[in-house]
Asks: 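Dropping the structure in here first, questions after.
In each ligand, atom 1 is the first atom listed, and ligand 1 is the first ligand listed. Keep in mind the model is a prediction, meaning the values are calculated, not measured.
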Amino acid sequence: MKFMPEPYKVKMVEPLRILPKEERIEAIKKAGYNTFLLNSRDVYIDLLTDSGTNAMSDRQWAGLMMGDEAYAGSENWFHLQSTVQEIMGFKHVVPTHQGRGAENLLSQILVKPGSYVPGNMYFTTTRAHQELNGGTFVDVINDDAHISDNPDVLFKGNIDLKKYEDLINKVGAENIPYICVGVTVNLAGGQPVSMKNLREVYELSKKHGIRVMFDCTRYVENAYFIKAREEGYKDKTIAEIVKEMFSYADGATMSGKKDGIVNIGGFLAMNEEELYSKATALVVVYEGMPSYGGMTGRDMEAFAIGLKEALDYNYIKHRVEQVEYLGNKLSEAGIPIVRPVGGHAVFLDARAFLPHIPQEQYPAQVLAAEIYIESGVRTMERGNVSAGRTKEGKEYFPKLELVRLTLPRRVYSYAHLDFVAEAIIRTFKRRDEIKGLKFIYEPPVLRFFTGRFEHV
Ligand SMILES: CC1=C(O)/C(=C\N=C(/Cc2ccc(O)c(F)c2)C(=O)O)C(COP(=O)(O)O)=CN1
């Protein structure tokens with residue numbers, strides 16, 4: 001059987017409901033055609049994000065009862081710290097409330113006006129913190145990553161070493177505080193980086209004395225793809241592959257809300273003593289003591305347990321294959337999606353889905369709204385709206401104009417995914433009736449979160 005049954009059984013349920021279509025039309029109008037502004041009670045199947053929306057296990061829920069809520073030196077902190085050290089091999093860990101808490105600390109400490117931070121495609125909060133500190137993000141991902149339908153490129157997250165070296169030669173290694181390597185690459189479509197590329201990037205970086213910092217938000221999915229696709233890793237355990245991956249990094253930022261399988265949490269990890277000392281001095285300003293970093297004791301306990309559970313092969317195989325299941329259904333029906341299918345989501349190619357809508361009328365934004373009207377399924381725009389504007393106020397018009405169908409971990413069944421696929425196929429059949437959008441309210445930063453639209 002191609003797709004394994006869920007490697008867990010349900011112990012608690014949260015009833016779902018679907019609004020009548022006329023109420024869905026009202027709800028999305030009230031939300032300004034922005035799925036971020038819909039109320040959870042009006043959403044049937046929520047594929048907005050896999051961030052913080054994952055189902056915890058009975059062991060994690062039991063762990064909440066072990067919360068040591070001491071202000072300093074909580075037992076749960078030592079459990080989290082030792083778990084990260086064991087899994088990733090880093091010497092030091094600084095806890096934060098979530099991933100952007102770690103990005104804030106890292107960028108404030110290492111990014112200065114005039115810094116250049118190369119990386120494999122931008123991510124919104126990561127780039128925002130680099131720019132807030134005067135840095136310039138430079139995309140050094142391989143060109144294949146910007147091509148939506150590229151099924152034979154198995155590691156679309158890979159860094160183009162020539163682009164990276166050209167940047168070093170152009171701006172000087174002294175102006176590159178670190179390279180940010182996303183494993184996996186969210187906005188490329190949840191695409192992995194090969195172990196070979198991680199090794200080569202590390203070697204090139206060390207040659208120039210440049211730090212390598214992972215954004216390891218979905219590192220277990222990356223490890224799964226290495227095991228499934230890269231020569232020489234099929235007989236290695238996920239834990240062994242993860243340990244080798246992190247041997248090619250000097251540190252990492254992590255959002256626990258994804259591959260930590262918790263609803264809140266994050267950390268900044270590193271080997272460097274000076275970076276650790278600066279981060280512990282700064283964390284108290286933004287997150288709290290270096291022994292809780294904005295998390296409760298009980299959340300740190302659930303986080304430590306979740307990090308271990310995520311390394312289970314059956315768990316991660318099912319998780320990634322569920323995404324592939326949905327991707328295959330859509331692809332077989334002729335729906336344009338990013339291929340290969342990524343680790344956490346299926347990404348619809350809105351440009352190909354709605355070729356009659358120019359990118360300045362935000363095709364991905366209106367497609368996400370239309371899918372909600374069709375089915376009560378919430379998805380996320382990951383195109384021109386998310387890309388925002390340059391410092392000069394120009395829109396980026398990214399090559400990838402995508403709608404993300406993001407699967408939370410251990411939440412939905414294959415039957416839910418069949419429903420989603422059928423709704424998208426119905427929307428595809430009436431795509432010619434769909435009209436573009438324009439802003440009626442455009443926030444100055446990260447405009448996709450609270451922007452509002454109406455039809456042109
Ligand atoms: C690869 C990476 C992430 O995916 C990530 C978050 N991701 C989210 C939430 C989100 C974030 C930014 C958006 O524009 C967005 F619309 C959605 C997501 O849905 O994918 C963070 C930041 O981790 P935090 O969310 O724990 O602070 C760092 N790195």
Asks: Give me the residue, atom name and distance of the protein heavy atom closest to atom 22 (C) of ligand 1.
Replies: T125 OG1, 3.5 Å
Asks: With K438 as the cation and Y33 as the aromatic partner, state whether NZ or CZ is under 6.0 Å from the six-membered ring centre and within 45° of the axis.
Replies: no
Asks: Could you list the atoms of ligand 1 found under 4.0 angstrom from a heavy atom of E103?
Replies: 28 (C), 29 (N)
Asks: Within the structure, does R218 bring an N/O atom to less than 3.5 angstrom of an N/O atom in ligand 1?
Replies: yes
Asks: Is the closest N or O pair between T124 and ligand 1 shorter than 3.5 Å?
Replies: yes
Asks: Does the ring of Y396 carry R127 above it, NZ/CZ under 6.0 angstrom from centre and within 45° of its axis?
Replies: yes
Asks: Would you say ligand 1 has an N or O under 3.5 Å from any N or O of G99?
Replies: yes
Asks: With atoms numbered from 1 as shown, which atoms in ligand 1 lie under 4.0 angstrom from a non-hydrogen atom of F36?
Replies: 16 (F)
Asks: What protein heavy atom sits nearest atom 5 (C) of ligand 1, and how far away is it?
Replies: F123 CE2, 3.3 Å
Asks: Give me the nearest non-hydrogen protein atom to atom 2 (C) of ligand 1 as residue plus atom name, then the distance to 0.1 Å.
Replies: D215 OD2, 3.4 Å
Asks: Under a 3.5 Å threshold, yes or no: a donor from one side chain and an acceptor from the other, between S331 and N328?
Replies: no
Asks: Taking atom types as modelled, is there a side-chain donor on D259 or H344 under 3.5 Å from an acceptor on the other?
Replies: no
Asks: Taking Q108 as the fixed residue, which of N104, L106, V111 is the one that meets the side chain to side chain contact (heavy atoms under 4.5 Å, CB included) rule?
Replies: N104
Asks: Suppose we call two aromatic rings close when their centres sit under 6.0 Å apart. Are F453 and Y441 close by that rule?
Replies: no
Asks: From atom 15 (C) of ligand 1, work out which of R382, Q98, M254, R404 has a heavy atom at the shortest distance.
Replies: R382
Asks: Does the side chain of R59 come under 3.5 Å of the side chain of S57 through a donor N or O and an acceptor N or O?
Replies: no
Asks: For ligand 1, which atoms have a heavy atom of S255 less than 4.0 angstrom away?
Replies: 23 (O), 24 (P), 26 (O)
Asks: Does an N or O from K257, backbone or side chain, lie closer than 3.5 Å to an N or O of ligand 1?
Replies: no
Asks: For ligand 1, find out whether one of its N or O atoms is nearer than 3.5 Å to an N or O atom of K258.
Replies: yes
Asks: Counting non-hydrogen protein atoms only, what is the nearest one to atom 17 (C) of ligand 1? Give residue, atom name and distance.
Replies: M380 CE, 4.0 Å
Asks: Should we say atom CE of M289 is surrounded by more than 12 heavy atoms from elsewhere, each under 6.0 Å from it?
Replies: yes
Asks: Does T35 reach the main-chain N or O of M380 with its side chain, forming a donor-acceptor pair under 3.5 Å?
Replies: no
Asks: Any idea which atoms of ligand 1 are less than 4.0 Å away from a heavy-atom of T49?
Replies: 18 (C), 19 (O)
Asks: Quick one about Y248 and R199 (side-chain donor to acceptor, distance below 3.5 Å, no hydrogens or angles considered), yes or no?
Replies: yes
Asks: Which residue and non-hydrogen atom of the protein lie closest to atom 10 (C) of ligand 1, and at what distance in Å?
Replies: R100 NH2, 4.0 Å
